[in-house]
Amino acid sequence: MRAGTHSWTTLATGIFACLLIVAGSICFREISALHENSSWVAHTHEVIGALEKCIATITDAETSQRGFVITGNNDYLSRYDATQADCQASLAEVEKLTGDNPDQQEKIARLQEVVRKRLAELQVPLELAKNQDTAGARERIKEGRGLASMDQIRSLIDEMQQDERSLLAERETANNRTFSSALRNVIVNVLVGLAALATVWYLVYRYLQVLDKSAAEIHDQRELLHATLISIGDGVIATDHEGRVNFLNAVAQRLTGWNESDAAGQPLSRVFHIVNEETRQVVDNPAERALREGQIVGLANHTILIAKDGVEWPLDDSAAPIRTRTGEVRGAILVFREITERKLYERQLMSHADQLAEDDRRKNEFLATLAHELRNPLSPLSNALQLWPFVKDNPAELERLRVLMVRQLRQMNRLIDDLLDVSRVTRGHIHLQKQQVDITAPINEAIETVKPFIDVAGQRLTVTLPESPVLVDGDVARLTQVFGNILNNASKFTGRDGVIWVSAESTDGHVVVRFRDNGPGIPTNMLGEIFEMFRQGDNSLERANGGLGIGLTLVKRLVEEHGGSIQAHSDGPGCGSEFVVKLPTLAPTDANGDGQEMRYRVEQVASVPAHRILVVDDVRASAHTLAMMLRVIGQEVAEANDGPTGIEWALANRPAVVFLDIAMPGMSGYDVARRMRAELPEVVLVALTGYGQEDDRRTALEAGFDHHLVKPTSLDTLRQLLAGIGPAGVPVDGQAT
C-alpha cells in the first residue's frame, strides 16, 4: 500500500510539474509580448511629452526674456539662461527617443535649426537690455520678428506629435490584442493547474494518512531532539522520568564540571547542585518540579550553580517536561545559562544610576548657585538705580554708584562669558588665534585686570617674571583669561590682608607659571576633583566666596588646548594653595630670527571719525542707550524699533553704519541685513546681539553683516570699531569681524 501510494504520488507530482512548466512558458511568452507592446506605448508617450516640453521651454525663454527687458530683474535673466539649457536638453531627448524613426529624425534636425534661429532672435533684445538700451530692446520685441520662427516651430512640433499619435494608436491596438490573448491563456492555465493540484492533493492526503500511522513511533525521539535543538546555545540537561541524567550538552558539561559519561544515571540534584546566592540554602531543582507538576518551571532569582570543582556560576532560565504522544511525562529538559556578564552589567548600571543621581544633584546645586551668583551683582545694581534720584546732586556719590555699577556689570559679564566658553570648549568650538607671544604679556594683562579686586581686599601681590622674553605659541586673549581666572580665584579665596605670589620661569623647553597664596587651602580629597565641572571646595550656603565652579574647568581645557598642563597643590586647610601652569616654549629657531619684535602688540585705538549711524532694536531701552553711547563719542545717530522702519529710514538717509539687533519680531535682523545689503552695498552692518556662539557669528557674516558684537558692548569697543571704518563707511582693512 505504501509503495503503491508513493508511486502514484510521485507520478502525479511529475505530471503536475510538467503542466506548470508548460503553463509557465506560455504565460512568459504572452507576458513578454505584452511587456514589449506596453514599452512601445510608453515610449510614444515619452516622445509626445518631450515635444510638449520643447515648446514649453521655448515659451518660458520668451517670457523670461521679456520679463528681464521690462523689469530689469536679474531673476528673469537667470530663468532665461536655465530655460535655454532646458530647451537644448529637451531637443536632445526628442532626438534620442526618435532614433528608430528616420522620418522623425529628419524633422528633429529641422526643428533644432529653427529653435537655434529663434534663440538667436531672443538674444538680440536681451543684449540691448543688458547694455541699458531698454527702449531699443522693447522696440525690437514689438517688431515681432520671431513670430514666423515660433509658427514654424509649433508647426513642426504639431506634425511630429501627430505622427507619434498615429503610432500610439497602432501600438495601443496591438497591445490590447496581446493583453486579451494573455488573459485567455492565463485563465486556461489556472483552470488546468487547479485540476492538477486537486489530484495531487488527494494523492498526498492518502499518503499522509499512511505516514500518520508511523508518526507515533518517532514522536518521543522527535520531541527530545526538538527540545534539545532549541536550547543549543545554553546549557542543556535531559533526565528520564525518575530525574536521572541521560544527556548533557557541551555547555552544561563546562558549567557543571561533569562529563556526560560520568553524569549518566546520576540524580539530577547531584550533577546540578544549586543554592540561593544570599542564604546559601539548597534551591528546589526546577527539573524535578517539572517532573512532579508537568509544567514549565523557572529558576528562582539569585540562584548559584556550584560546579563539581567548586566554581560558582550565577544562573537564569527554566525546565520543561518531556511528554509522550499520550501526554505522559517521560522526562525533563533543563535549559540554563550563566549570567556573570549580566550581573556585571547590572552592577555597572546601578553604579551609573548612582552617578547620574550625583550628576543631577550637582546640576541642581549648580543652577541654584548660578541663580545666586547672578542675583549678587543684580542686587547692588538695583539698589544703585533706586538710590540714583536721591544723590543726583552729589557728584561724589554719583561717581561711587557708577563705579559700583560698572564693577557689578563686569562680574555678570564674567559669569556669562565663563558659561559660554565652557560650552564652546566642551564642544570643540573654540579656535585659538595662536601667535608668538612673550609669556609675561598675558600675565601682566591678567594682573592688571584683577589688581583692583586685590587692592580692595587689601592683599599684597608679589610678582617675579623673567627678565628676557620667554616665547610661547599661544592665544594672547585665552592665556590672559587662564591667568586671570587663577589669579581671581587666589584673590577671592585668600581673604583680606592675604599674600599672593606670581612667578614664571623657563626650564627644559617649558615655561612654568606659579600662582601661590596663603589662603585657606584646598582639602586633600578635593585636589583630584578641583578641575571638574561645578566642583568647589565649599558648596554650603555659608561659604564666603562666590563663583559657579566652572572657572578652573575652563582653565584646564584652555591650557590643554595650548599643549600644556595644570596642577593644584595644597598641604590642606589653612596651608594655602598653589596652581602650576606648564606650557611648551618656542625654540630660538622658532622665534623671529631676524631680531624683529614678536607679533604680539596692544593696538591703540585711533581717534574716532564722525559717521551717520542708525540703531535698529525692538527693545527701546537698548536702542536708546546705545544711541546715547554713540553720541557721547561724537556720532550722528537715529533710532528705529523694527525692521521695516529701519529699512525705510536707511534708504531715505543712507547712513554709513547700521547697528542691527538680530532677534526682532516680524522681521529678523538677518532679513533686514540682506535687504539693506542689496539696496545699500556700501553701508557697514554691525550685528549687536545677545547671541554670541561661533555659529551665530558665522550666520551673521553669511547674512551680509561686516561685524558681530555681543551685548552688552562698551565705549572702548565702539571706539575701536568706528575708528577702523573709513570716511566712505567701509572697514579700513576690508575684513569682517
Side-chain angles (χ1 to χ4, degrees), residues 410 413-450 465-466 469-489 502 504-506 509-515 531 533 550-567 579-588 590-592 596-605 692-698 700-701 707-710 713-714 716-717 720-721 724 733 735-737:
R410 285 176 179 169
N413 274 337
R414 184 186 186 88
L415 290 171
I416 293 170
D417 287 343
D418 278 355
L419 282 170
L420 292 176
D421 282 344
V422 167
S423 172
R424 294 188 190 109
V425 171
T426 302
R427 292 181 295 156
H429 286 183
I430 278 192
H431 303 287
L432 300 181
Q433 304 297 321
K434 290 186 176 181
Q435 58 185 358
Q436 296 174 9
V437 56
D438 182 359
I439 195 65
T440 60
I443 294 176
N444 285 327
E445 284 198 26
I447 291 172
E448 184 179 345
T449 302
V450 183
L465 300 178
V470 179
L471 301 183
V472 298
D473 186 23
D475 185 318
V476 178
R478 293 304 180 184
L479 289 176
T480 302
Q481 185 178 8
V482 166
F483 300 144
N485 259 324
I486 299 174
L487 192 56
N488 184 69
N489 271 2
V502 179
E505 61 177 341
S506 178
H510 290 79
V511 60
V512 179
V513 186
R514 301 177 185 274
F515 297 84
F531 295 105
M533 189 83 75
I550 60 176
L552 289 179
T553 301
L554 178 60
V555 164
K556 185 174 186 293
R557 297 289 179 87
L558 288 175
V559 169
E560 290 173 349
E561 288 287 324
H562 282 81
S565 63
I566 182 171
Q567 292 181 328
F579 287 84
V580 181
V581 177
K582 188 175 183 182
L583 295 169
T585 57
L586 292 174
D590 296 331
N592 294 324
Q596 296 179 356
E597 295 182 356
M598 55 193 168
R599 284 178 284 170
Y600 168 69
R601 60 190 175 89
V602 179
E603 296 184 357
Q604 299 296 324
V605 178
Q693 299 286 7
E694 189 62 31
D695 289 344
D696 303 317
R697 184 183 303 276
R698 183 168 55 254
L701 298 181
H707 304 276
H708 182 276
L709 300 181
V710 180
T713 189
S714 65
D716 288 340
T717 301
Q720 186 173 2
L721 186 147
D733 59 2
Q735 299 295 319
T737 59

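In this chain, residues are counted from 1 in sequence order.
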Task: Side chains of Val470 and Thr440 in contact at under 4.5 Å (non-hydrogen atoms) - done: no
Open item on the list: Any heavy-atom pair between the side chains of Phe483 and Val581 that's under 4.5 Å?
Closed with: yes
TODO: Please test Leu558 against Asn485 for side chain to side chain contact (heavy atoms under 4.5 Å, CB included), starting from the C-alpha separation and ending with a verdict.
DONE: CA-CA 11 Å; Leu558 288 175; Asn485 259 324; over 6 Å; no
Task: Contacts of Pro584 that satisfy side-chain contact (heavy atoms from CB on, under 4.5 Å) - sequence neighbours left out - done: His510
TODO: Report yes if the side chains of Ile566 and Ile486 come closer than 4.5 Å at any heavy-atom pair, otherwise no.
DONE: yes
Open item on the list: According to ring pair (Phe, Tyr, Trp, His ring centres under 6.0 Å), who are the partners of Phe579, at least two apart in sequence or on a separate chain?
Closed with: none
Task: Check against side chain to side chain contact (heavy atoms under 4.5 Å, CB included), Asn444 and Leu465 - done: CA-CA 10 Å; Asn444 285 327; Leu465 300 178; 3.5 Å; yes
Task: Atom of Val476, atom of Pro442 and distance for their closest heavy-atom approach - done: O-CB, 4.1 Å
Task: Main-chain N/O of Gly509 paired with Thr585 side-chain donor or acceptor, under 3.5 Å - done: yes
TODO: Would you name the heavy atoms of Ala504 and Ile443 that are closest together and state the gap between them?
DONE: CB-CD1, 4.1 Å
- [ ] Indicate yes or no for a side-chain donor-acceptor contact from Asn488 to the backbone of Gly484 under 3.5 Å, with no hydrogens or angles considered.
- [x] no
TODO: Could you list the residues that satisfy side-chain hydrogen bond (donor to acceptor under 3.5 Å, both in side chains) with Thr717, not counting sequence neighbours?
DONE: Ser714
Task: Contacts of Thr713 that satisfy side-chain hydrogen bond (donor to acceptor under 3.5 Å, both in side chains) - sequence neighbours left out - done: none
Task: Interatomic spacing from CG in Asn489 to CG in Leu552 - rounded to 0.5 Å - done: 5.0 Å
Task: Gap between atom CG of Asp473 and atom CD of Gln436 - 0.5 Å precision - done: 7.5 Å
TODO: Quick one: pull up CZ in Arg514 and NZ in Lys582 and give me the separation to the nearest 0.5 Å.
DONE: 9.5 Å
Open item on the list: Given 3.5 Å as the limit, does a donor-acceptor pair link the side chain of Asp438 with the main chain of Leu471, or not?
Closed with: no
TODO: Using side-chain hydrogen bond (donor to acceptor under 3.5 Å, both in side chains) as the criterion, list what pairs up with Glu560, not counting sequence neighbours.
DONE: Lys556
Task: Under 3.5 Å: donor-acceptor pair, side chain of His562, backbone of Lys434 - done: no
Open item on the list: Once side-chain contact (heavy atoms from CB on, under 4.5 Å) is applied, do any residues pair with Ala700, and if so which ones, sequence neighbours excluded?
Closed with: Tyr670, Ala687, Phe705, His708
